[in-house]
Structures are given as C-alpha cells and as structure tokens.
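In what follows, a structure is listed as structure tokens, so that the remarks can point back to it.
One is the number of the first residue; the rest follow in order along the sequence. From a predicted model like this one, the values you see are computed outputs, not experimental measurements.
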Amino acid sequence: MAFFLYLCLRIMRSRLLHILLLTICLMTVLTSCHHTKFVPQDKYLLYKTKVRVTDTKDVQADEMKNYLRQRHNTEVLGFWKLQLDIWNLQKGDSMKWINRQLRKLGEPPEVFDERLAEVSMQQLKQAMDNKGYFSSSVDTTMSEKDRKVRLTYNITAGEPYHLRYYKVNLQQPDLMRIATRRSIVEEGMVFNSDVLDEERQRITSAMRSIGYYYFDKEMLQYLADSTYSPREIDLQMTLQDNVREAPDSIKEQIFRPYTIRQVLFYTNSNVSEENEQEPDTVVQGDYVFLYYGRKLLRERTLKKYCQIKSGDTYNIHRVERTYTNLNRLSAVKYVSISFTPAGDGLLDCHVSVARAKIHNVTAEVEGTFSAGDWGVGAGVGYTNRNLFRGSEELTVNARASYEWRQNGSRAIEGKADLGLRFPSNVKINLGYSYQNRPEEFSRTIASAGINYTFTSSRNRWRHSFNLIDISYVYLPWISDRFRAEFLKPTNILKYSYEDHFIMDWSYTGTFSTYRSSQPLRSYSSLQYSVETAGNFLYGISNLFKLPKTPAESENDKDHYKIFNIRYAQYAKGDISYTYNWIFNKLNRLVMHAGLGVAVPFGNASVIPFEKRYFAGGANSVRGWTIRSLGPGAYRGTGDRIDFNNQSGDIKLDLNLEYRLKLIWALEMALFTDAGNIWTIFDYESQPYGQFKFTEFYKQIAWSYGIGLRLNFDFLVFRVDFGVKLYDPSRIYYDQKQWRTAPNGLCWKDDMTFHFAIGYPF
C-alpha cells in the first residue's frame, strides 16, 4: 500500500494527470445537474443503491447486491454515470438519427420504483433464510434531494441456525452408501440451503456414474424440524413422496443400473436438419456409423475419442468426457449425445456430430507507427481442419512487412510457417523467415519442431512440450560498418551475429482459475517455462572427443561445431503471474509480474540474439518504445546499429492496470509499468548493464499512462499512451532520473504511443 501511495504522489506532480483529473471533474459537474432531465416530474431518479450487512462477516454485501430487483444507473470509476449522461444529450425530435444513436449508446434513467424496492427486500430476506439466518431482518433508509433518491438496504443478520442432527433415511443400498459416504452435510454446520442442494447434486452425479440413468436430484428431499432446540434444526434426507409411492415398475426403472447395448454415430453437415435421404451405414461390431453425404471422420477416429463403450455400465462422467473429446476436434462444430431404452436394462447411445467449416482462408493488412517510424504489413493464411479425415489440422501462413525509418533506412521482414496438428495434440512445425534490418545486416532463420500439448485437472492446467526444436540462423549479408562494430574478436556479442545452430527442448505450463460460468469472479493465471539447448550435441561431441575450435579472444572459450557451425548451449527459465481483481462488469484491476533468466554455458559464452530479452514496447514498460530500454542503466545512442546492444539475459516486468468499460465496445485503462533487463556478465559493449544485487533496484525503469481499447470479445484493438516517470539511463550521467516536471518540447522523448492487438497481459 505504501508503494502505491508513493506512486500516486509522484504521478500527481505530472501536468498530464492534472489535466485529466480536471477534465473528469468538469464533466461530472456539468452533467450531474442534468441527470433528472428525462425523469417524470412526479418521479425520482434512483441515484444510489447500497447494501449493508451487520452482525456477521460470513455474508458479503457485494454478494447480496445480486438479489436487488432495481439498482442505480451504471457508473464509471464508481461515480461517473457516463451512459446516463450520453442518454441525456438528446435534444428535440426523438426520431432523429443522432438521438437514436445516443439511446443505443446510452442508458435511460433508473426511475425509483417503490414496488421493486419492496420485492428487493423480500428477495434479500429469502436469501438470508437460505443461508441459515432465519431471524434476520431487512429494512431501508432513504434520502431525497433534487429529485434523486439514495437508498440503502440494511440487513441485520442475527444468529444463524445450525444442524443439531442429520440422518439419511434411504432404503436402496447403492443410494444409501453414496449418501452417507463423504457427505458435505455435517452436524454442527450452519443450515445453508445452497450446501444442501450441492449435496443432492453430488449424490445424483455419483448415482449416474454407476449406471442409474433415470435417477434425478429432484427425487431427494429434506425434512427439517426445529421444535426440539432453539436455533437448531434436525434434518432428515428421504426420497420424495411420489417416488416412494410410485408403482414397482417405475421404481425398478429408476433403481436399476443400465448397460450400453450399442453406440450409433450420425455425421452430416447439420444434424439439426431433417435429412430425407437414406444414410450410408457402416457396422463395426457394436458400433454403427451413419453418414449423410460425404464421410466426415474415419470410424477409428470416432471410436477413439468416444468414451462410451458397448457393454459398459452407463456413466455420466464418460458422457461428459466424450463431449469434451469430440468437441475439441477441429473438424467438429458441435456434438449431441442422447440415449434410448433398448430392452431389459439396456440403452442405445446416439452420438450426433456436426461438421465445422473445414477450409478457411484469412488475410490481413495493418499499418504501424512506432517512435516516429511508419510501416505496413500484410499476411495470408489457409487452414484445413480435416486433412486426412481424422481431424488433422493443417495451417499455412505467410506474412511480409516493410518499415520506413526516419533516418532514411528501411526494415523488411518476411516469414512463412507450416503446421500440422493431430488430434493426439502432437504438432509438427516448419518455418522460414527473412529479415533485412536497418542495423545493416540481413538474417534468415529456418526452423523445424515437434510439439505435444495436453490439459489436466478439469482443463485448469495446460502443458506444452517442444520435444525438439531446431533452428539454423544464417546471415547472408553484413555491412562493413556493422562488421567493424560487432564482429571484432573482442566483442562478446560477436557470436549473436554469426551463423549458428540451435537445438533446444522446452516445456511451458499454464494454470488459470478463470471460469466462464462465473465471469465476474476474480481470477489468476500463471505461466512458466523452462528451455535448454545444446546439451545433446555437447554430450555427443564429448563422447566422440571431437576437436574444438580455439577461442578468438579472451572473452570467449574454445567450442565445438556441427557442420562447421557453432551451436548454442544455454538454459532459460520464465515465470509470469497475472491477477484480475474484478469489482463488477465494468471495472477491474489487473496486476502482473514476470521474471526471466537465461544463462549460457558449455559451448557458448553468450545467449543467441533470438533468445535474449528486450524491454519496452506495447507489452512491457510502455513509457519506452520496443527494444529501447536497458540493459540496466545502459544508455542507447539511438543509432540503428546500437539498437542491438539493448538486449539482455535477465528480464523483470511489473505492471498495474485499471480497466474500465465506457460505452459500447470502448474501454479505457490507466496503467503504470516498471521493469528492465540486465546482462549476466559484464560486457564492454553494454556498460552499466550487468545485474548486481546492490544496484539493480536503482535501475528499475518506471512509467505510467492511459489507454483506449475497442473490445469486440473475439478481438481487441489497443492504443496506449505511455510516459516515462523514472529513467535509469540517466543515473551515471548526472541527470535527473525522475521525469515529473517536463519542460517544453524536450518532453517528447518521454512519450510513446503503442498500437497493438489484444491486452498486454
């Protein structure tokens, strides 16, 4: 908290923030007096609603707000009724185009309704009863001013009721065993109807996993008695009366396990449409495949990913896994599974599979602007989601870009990728890229790799293994100036700009607590990775005692080569953590921290340029342009050749961003970023760049800014305006590091615009 307050005090000295705050305050004052513009004269605007809970900390006020039947208008930043203000901008004829657009973007005033307030009180009382607070009470306090109502719902919780006694009274052996084993209902707990309902669901899921297809949670009931002791309840679980008293034939149907007789697959372009033509039928044992038109998937693919087997007992969990397995096949649009009786204790399973769009072609064109440099890029892609009728996904992408630099130079890039992903989550990648850099060299990279990915723990964990990844880096042209600057034998970075070979292995793990069923619940995500290269080749070289190439300088070491090309050897680890603190559907605070370390060893004295870290840019410290920060307190000259020195072996990113939704798809963000990169060793060409425990904290750069985003759910367009707050490159030059009082045009060097796709983290 002290850190955050210190940041606020520093930023408050900024003229930019003064202007921003003054603008918001002015807009609030000018619009607040018009909030009742469209409220009828005999009515009141519901200006504010609050919920207060006393006597207990076990019930949260924010949770209870969900039971209100009327709430005040949407607010931005917790006070600005932006959408109501937009609605109130209407003038004159309501049928005019401009007024219709204002109504679409805005929100009508929430006129206070006493009837809805009364219903809200009843709903709050019912919710408290469900939580076991039967003696709770709900009242309201209300204030009126300028035709505006401020309404507070006051909940007095009182003492909750507890379970004194709990008994399960069920006659069926399997049902009794499941209900009494690992029950979440315990004597002494608060009488909470949500927990009781969860227990019914648990029992039903367990019954349906051992064959009881017709069993349903509504067949279970609770009998409660509170006459024996004050604020204590005796509870009994039994079957519903209509089940206990049902005919024996119905009971036999409910309380018997069912077995799968056969599985029938239906595949066509749209399973929801009736198809009058006779299907092509293929029978393989107890599996029947019915095709309407062209065959979608091979029979062995359908059988492989279907967990429902002939002869097995019905199991709801296998049904759910079948849904998951088939729906993740790229050739499948959606899946429907149903069951029909097939005789004495038998069920037929019907699996309908709808075809997804198999072929897809994409094209994109974009313009870029970074640090005064303009650029254009274009790309095309093709996807085949069912290459061999086993849901194999082929992707082919090509992209080219061209950038004009202010100094008259140019940057050209082109790349092509081919990937083939199998349903088993194995993917083969081939790639080729070409770069003609304004730093006066050109580079080509050819790569190939095999990747395996799988998820676990209910899709919370995702694991990705690059089983092998091979890259060959070739520099066909280097200018004399660049060669003189970087390829001197004494320059430790020389290896990064020579032909080299990388053979690595890596693992990446991701974990997220996000749940699509609870989009307004705060969540976190973690990503970590480890990568290592050259160990296998180094072991082979040692085993066969291959000759080493002598070092060209005292900074380097003797090394092995393969095909007369030096290969890289290093270890690299990264970890990134993000927490989304969601206040409501319009406001959230996102915190992010990332750390990466790469260490060369064995056959290498430096990390390859392609694997080194850089700082600054749209996803890092946004007060700096990409690759213009660090390492450490190193100061770049701005020359296009010196650009290559701003890379390192250690990276730290710390980000804090407040995101708020304005209107339509428009969002705003206020952010502050901190971080930098450092080198492992002290390199002559990167002075003040080495990581030192006694110095690094002084070299953490700091920036702040504001951003606007267009969020279309499937795509987010983003522009961020970042401003430097603390510049470590000024430490050793007797210059002011804190950039809180900029003067004149010199401040332009402290501002940066970023255009990007997607959120920064």
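Counting only heavy atoms from C-beta outward, the side chains of Tyr759 and Glu667 approach each other to under 4.5 Å. Residues Leu196 and Leu235 form a side-chain contact, since some pair of their non-hydrogen atoms from C-beta on lies under 4.5 Å apart. Inter-residue side-chain proximity for Lys96 and Gln90 is flagged as unmet; no heavy-atom pair is nearer than 4.5 Å. Two residues are said to be in side-chain contact when any heavy atoms from C-beta on lie closer than 4.5 Å; Val111 and Leu45 fail this criterion. Between Arg202 and Ser183, some side-chain heavy-atom pair lies under the 4.5 Å cut-off. With a 4.5 Å cut-off on side-chain heavy atoms, Lys148 and Thr36 count as touching. The closest side-chain heavy-atom distance from Pro760 to His754 is not below 4.5 Å. In this structure, Val51 and Leu68 have side chains that are in contact, with non-hydrogen atoms separated by less than 4.5 Å.
For Tyr44 and Phe112, the ring centers sit 6.0 Å or farther from each other.
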- Item | Step-by-step side-chain contact (heavy atoms from CB on, under 4.5 Å) determination, Val319 to Arg208 | CA-CA 10 Å; Val319 176; Arg208 290 171 65 84; over 6 Å; no

- Message: Let's go through Val716 and Ile757 carefully: what are the C-alpha distance in whole Å and the side-chain angles of both, what is the deciding distance for side-chain contact (heavy atoms from CB on, under 4.5 Å) to 0.1 Å, and is it a yes or a no?
- Response: CA-CA 6 Å; Val716 177; Ile757 302 294; 6.0 Å; no

- Is there a ring pair (Phe, Tyr, Trp, His ring centres under 6.0 Å) between Tyr514 and Tyr523 once you walk through the steps? CA-CA 5 Å; Tyr514 175 76; Tyr523 66 94; 4.9 Å; yes

- Given the rule in the side-chain contact (heavy atoms from CB on, under 4.5 Å) test, do Met751 and Phe721 qualify, once you have shown the distances and angles that lead to the verdict? CA-CA 7 Å; Met751 303 180 184; Phe721 171 60; 3.7 Å; yes

- Query: Does the side-chain contact (heavy atoms from CB on, under 4.5 Å) test come out yes or no for Val168 and Met176, once each step is laid out?
  - Reply: CA-CA 7 Å; Val168 177; Met176 184 66 178; 3.7 Å; yes

Give every donor-acceptor pair under 3.5 Å between a side-chain atom in residues 116-125 and any protein atom, sequence neighbours left out.
unit_1	atom_1	unit_2	atom_2	d
Ser120	OG	Arg69	N	2.7
Ser120	OG	Leu116	O	2.9
Gln123	OE1	Arg69	NH2	3.3
Lys125	NZ	Asp129	OD1	3.2
Lys125	NZ	Phe134	O	2.9
Lys125	NZ	Ser136	O	2.8
Lys125	NZ	Ser136	OG	3.4

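In this structure, OG on Ser525 lies 13.5 Å from CZ on Arg462, to the nearest 0.5 angstrom. A distance of 5.5 Å separates CE of Met128 from CD1 of Ile155, quoted to the nearest 0.5 Å. Atom CG of residue Asn192 and atom OH of residue Tyr133 lie 9.0 Å apart, to the nearest 0.5 angstrom. Here CG of Leu586 is found 6.5 Å from CD of Gln83. Values are rounded to the nearest 0.5 Å. Rounding to the nearest 0.5 Å gives a distance of 10.5 Å between CG of Asn711 and CH2 of Trp664. Remark: Glu107 CD to Leu102 CG distance equals 14.0 Å, nearest 0.5 Å.
Phe761 carries Arg659 over the face of its six-membered ring, with the cationic atom under 6.0 Å from the centre and within 45° of the normal. A cation-pi arrangement is not found for Arg52 relative to Tyr153, the charged atom failing to lie both closer than 6.0 Å to the ring centre and inside a 45° cone about the ring normal.
Minimum interatomic distance between Ala179 and Leu170 (heavy atoms only, all atoms of both residues): CB-CD1, 3.9 Å. In plain terms, the two heavy atoms of Arg718 and Ala618 that are nearest each other are NH1-O, 3.0 Å. What you find for Val332 and Leu326 is that their closest heavy atoms are CB-O, 3.5 Å. When all heavy atoms are compared, the tightest approach of Asn327 to Tyr334 is OD1-CA, 3.5 Å. Here the shortest heavy-atom pairing between Val190 and Gly132 reads CG1-CA, 4.3 Å. Closest of all the heavy-atom pairs between Trp702 and Thr672 is NE1-OG1, 2.8 Å.
The aromatic rings of Tyr314 and Phe339 sit perpendicular to each other, their planes meeting at more than 60°, with 30° as the lower class boundary. Between Tyr579 and Tyr577, the ring planes lie parallel to each other; the angle is under 30°, not in the 30° to 60° tilted range. Between Tyr47 and His35, the ring-plane angle classifies as tilted under the 30° and 60° cut-offs. Note on ring orientation: taking the six-membered ring where Trp is involved, the planes of Phe712 and Phe717 are perpendicular (angle over 60°, cut-offs 30° and 60°).
Donor-acceptor pairing under 3.5 Å is lacking for the side chains of Thr156 and Asp55. A donor atom on one side chain and an acceptor atom on the other are found under 3.5 Å apart for Gln221 and Thr238. Side-chain contact annotation: Glu110 with Gln70, donor-acceptor N/O pair under 3.5 Å present. No hydrogens or angles considered: nothing links the side chains of Ser338 and His350 as a donor-acceptor pair under 3.5 Å. Between the side chains of Asn587 and Asn584, at least one donor-acceptor pair of N or O atoms lies under 3.5 Å. No side-chain donor-acceptor contact under 3.5 Å links Asp225 and Tyr165.
The pair Arg588-Glu657 fails the salt-bridge criterion, with no side-chain N (NZ, NE, NH1 or NH2) lying under 4.0 Å from an Asp/Glu carboxylate O. Ion pairing between Lys131 and Glu63 holds under the 4.0 Å rule for side-chain N and carboxylate O. Using a 4.0 Å cut-off between a side-chain N of Lys or Arg and a carboxylate O of Asp or Glu, Asp197 and Lys217 qualify as a salt bridge. Note on Lys48 versus Glu75: salt bridge recorded, some NZ/NE/NH1/NH2 to OD/OE distance being below 4.0 Å. Note on Asp720 versus Arg709: salt bridge recorded, some NZ/NE/NH1/NH2 to OD/OE distance being below 4.0 Å.
Looking only at distances, no side-chain donor or acceptor of Asp653 sits under 3.5 Å from a matching main-chain atom of Gly594. A donor-acceptor contact shorter than 3.5 Å is absent between the side chain of Ser205 and the backbone of Gln201. Not a single donor-acceptor pair under 3.5 Å links the side chain of Ser226 to the backbone N or O of Ile233. Panel note: side chain Asp216, backbone Thr204; no donor-acceptor pair is recorded below 3.5 Å. The main-chain N or O of Leu223 is never found under 3.5 Å from a side-chain atom of Gln236 such that the two would form a donor-acceptor pair. Between the side chain of Asn99 and the main chain of Lys91, a donor-acceptor pair closer than 3.5 Å is present. With hydrogens and angles disregarded, no donor-acceptor distance shorter than 3.5 Å links the side chain of Thr49 to the backbone of Leu151. Under a 3.5 Å cut-off, the side chain of Arg622 and the backbone N or O of Phe671 do not form any donor-acceptor pair. In this structure, Arg147 contributes its side chain and Val39 its backbone to a donor-acceptor pair below 3.5 Å. Using modelled atom types, no side-chain atom of Tyr67 and backbone atom of Gln126 make a donor-acceptor pair closer than 3.5 Å.
Within 6.0 Å of CZ on Arg521 lie no more than 12 heavy atoms contributed by other residues, nucleotides or ligands.
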